[in-house]
2 protein chains.
Amino acid sequence: MTSSPQTSAFAPAGGAVHTPKADMDVMRCLVCDIRNKSLCSSMDEEGLAALAHSSRQLLLPPGTTIVEEGEPALAFFNVTRGTVKLFKSLPDGRRQITGFADAGQFLGLSTAQTYSFGAETVDNVRLCRFLRPQLEALLSDYPTFERRLLAAVTDKLAEAQEQMLLLGRKTAREKVATFLLDRMRAFHQTANRRQEAENMASVPMTRVDIADYLGLTIETVSRTISAFRRSMLIASAENHRIRILSVATLLNIASGQKAD
Amino acid sequence: MTSSPQTSAFAPAGGAVHTPKADMDVMRCLVCDIRNKSLCSSMDEEGLAALAHSSRQLLLPPGTTIVEEGEPALAFFNVTRGTVKLFKSLPDGRRQITGFADAGQFLGLSTAQTYSFGAETVDNVRLCRFLRPQLEALLSDYPTFERRLLAAVTDKLAEAQEQMLLLGRKTAREKVATFLLDRMRAFHQTANRRQEAENMASVPMTRVDIADYLGLTIETVSRTISAFRRSMLIASAENHRIRILSVATLLNIASGQKAD
DNA sequence: CGAGTTATTGACTCCCCTCAAATGATGTGG
DNA sequence: CCACATCATTTGAGGGGAGTCAATAACTCG
């Protein structure tokens, strides 16, 4: 909504006077700590400025609705901090979480007029919102950006297929093992210091969310995690974190070998 | 393989002498009966000629492997007739079919060096194969084609999310009802004559495939279909076809209402 | 510290799986 | 055209893994 005059430190010479706010806005993507990950990595400096110009940054507390199933698909988002859950529901309230979008992931793409899924923040989330016309302009103006988005959606599809294998054919034990390893990888990718990330998994979501993601009940999730803890495969850590004590064993379990 | 002399009435005037083979090749997409559906619909006549030039047509019998899990991802395919199954497997043989690609659907997209899934024909299949460099050239040369592919992948992702809801949260009864309705829609889209397609579902795949698609066993699939038949919700027809007698009731079941 | 939320653990149930056998469909050669 | 082999599907009987219901324990945050 705010249409501010945009002339930045990197802009070609010109005498325009501009507000600090506008300055900050155009800088946002250039200094963003995930500009080299995610879709944004397809952009050069000029492109990053265009991204900043096309988007608006949002800071949202845990449990905030980002998009609602069935509502008009007006915007596209890029997560730059925190974790978002995507889900679909049945009329009686049964819910399936189809994925978690961590920092660097996008969400909100739709060819239909309305969203076919809901999205909600898990923890404190920072994201960039692109309204649809602006996203389309970016796609047209920056072929590398469009190519990068195509690749990102393709990756998401491969992920979805992997998750279908999990939901349709894995046991509870295998599901939870897979989940913990995935969370370890996610933490590894988003953690600032690699050292402390070693064998650590970030699990900011509740048991309800985990159950709805794995197609289980909270009781089964809880029992399975307890069993892993008793078997010394994992150990609890502070701040919704779990330390993986035996990656190899969990890998075996996750891929269906019956090795304990 | 059979190259029959093909010089058609639609060929542009011009004195160039060319082989019948080349003629046929360049015409293939221009006369394809699904050129207005699928990705190809993004192309004008010149584009269709480019498509034909970039691809090779394959005719495959049932049970033929198209791509193998873990093999180099060298090609991209567009199904123009028949049905293809896509799947992922666990080391011990458990399998999840992640989708069926009917006429007009694509398959084989991958950002990785290797395919993360397998694909096999269900019945007699005709498809167009694009080698990777040629696909990439098409994407660069025809922006509308790339945009269309992005939309197609986005749709596939939405489908995958719907299937995750099914796999994770629906009962056997709900799964089978959903499947039958989906097959009805698929038949509706690909049938030549709309009249006979009314309430008809094409089910060319075996019980094993259906079970692996729905995350069930063949016995449960069979029992559930038998129960629907006894309840007069469906009736068997010739040629792997099923007539839906009560779409409304099946819709209720598929969406989780307990209405019989 | 207490009220509300979230997680764990236990006892029991049930839906779907497993194992097994019969029936039906498809194709092949005599 | 039929006998026979093979494969796919159906149906039945019984068992088990995850769900349901219920109570307790452990957080979280005024």
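Order of the sequence lines fixes the chain letters, A, B, ..., with proteins taken first and strands second; residue numbering starts at 1 for each chain.
- Computed from coordinates, the A:I218 CD1 to C:dT6 P distance equals 10 Å when rounded to whole Å.
- Remark: side-chain polar atoms of B:S110 are not paired, donor with acceptor, to backbone N or O of B:Y115 under 3.5 angstrom.
- Heavy-atom contacts from other residues, nucleotides or ligands closer than 6.0 Å to CZ of A:R126 number more than 12.
- Counted within 6.0 Å of CZ on B:R81, heavy atoms from surrounding residues, nucleotides or ligands total 12 or fewer; the atom is thus considered open.
- Nearest nucleotide to the B:S222 side chain, out of D:dT11, C:dA11, C:dC16: D:dT11.
- Closest to the A:S226 side chain, of the nucleotides C:dT18, C:dC16, C:dT8, is C:dT8.
- Judged by distance alone, with hydrogens and angles left aside, B:R230 brings no side-chain donor or acceptor close enough to the base of D:dT10 to form a pair under 3.5 Å.
- For A:R223 against C:dG10, a side-chain-to-base donor-acceptor contact under 3.5 Å is present.
- Qualifying ring pair (Phe, Tyr, Trp, His ring centres under 6.0 Å) partners for A:F179, counting only residues two or more places apart in sequence or in other chains: A:Y213.
- Where B:I225 and A:H240 meet DNA chain D, the nucleotide closest to each residue was compared, and B:I225 sits on the side nearer the 5' end.
- Note: CG (A:L166) to C1' (D:dA18) measures 15 Å, nearest angstrom.
- Taking the centre and axis of the six-membered ring of A:F77, the NZ or CZ atom of A:R129 falls outside the cone set by 45° and 6.0 Å.
- A straight line from CD of A:E238 to P of D:dT28 spans 12 Å, rounded to a whole angstrom.
- In the set D:dG12, D:dG19, C:dG10, the nucleotide with an atom closest to the side chain of A:E219 is C:dG10.
- The base of D:dG17 has none of its N or O atoms less than 3.5 Å from a complementary donor or acceptor on the side chain of A:R173.
- For D:dG19, the OP1/OP2 oxygens have a side-chain nitrogen or oxygen of A:T220 closer than 4.0 Å.
- Closest to the B:L216 side chain, of the nucleotides D:dA18, D:dT9, C:dC17, is C:dC17.
- Taking CG of A:L157 as the reference point, atom OG1 of B:T98 lies at 8.0 Å (rounded to 0.5 Å).
- Between B:R229 and B:S236, the side chains place a donor N or O and an acceptor N or O closer than 3.5 Å (distance only, hydrogens not considered).
- One interatomic measurement links the two molecules: CZ of A:R94 to P of D:dA18, which rounds to 19 Å at whole-angstrom precision.
- Of the residues in residues 203-213 of chain A, those lying under 4.0 Å from DNA chain C by heavy-atom distance are A:T206, A:R207.
- One can place CZ of B:R229 at 7 Å from P of D:dT11, the figure rounded to the nearest angstrom.
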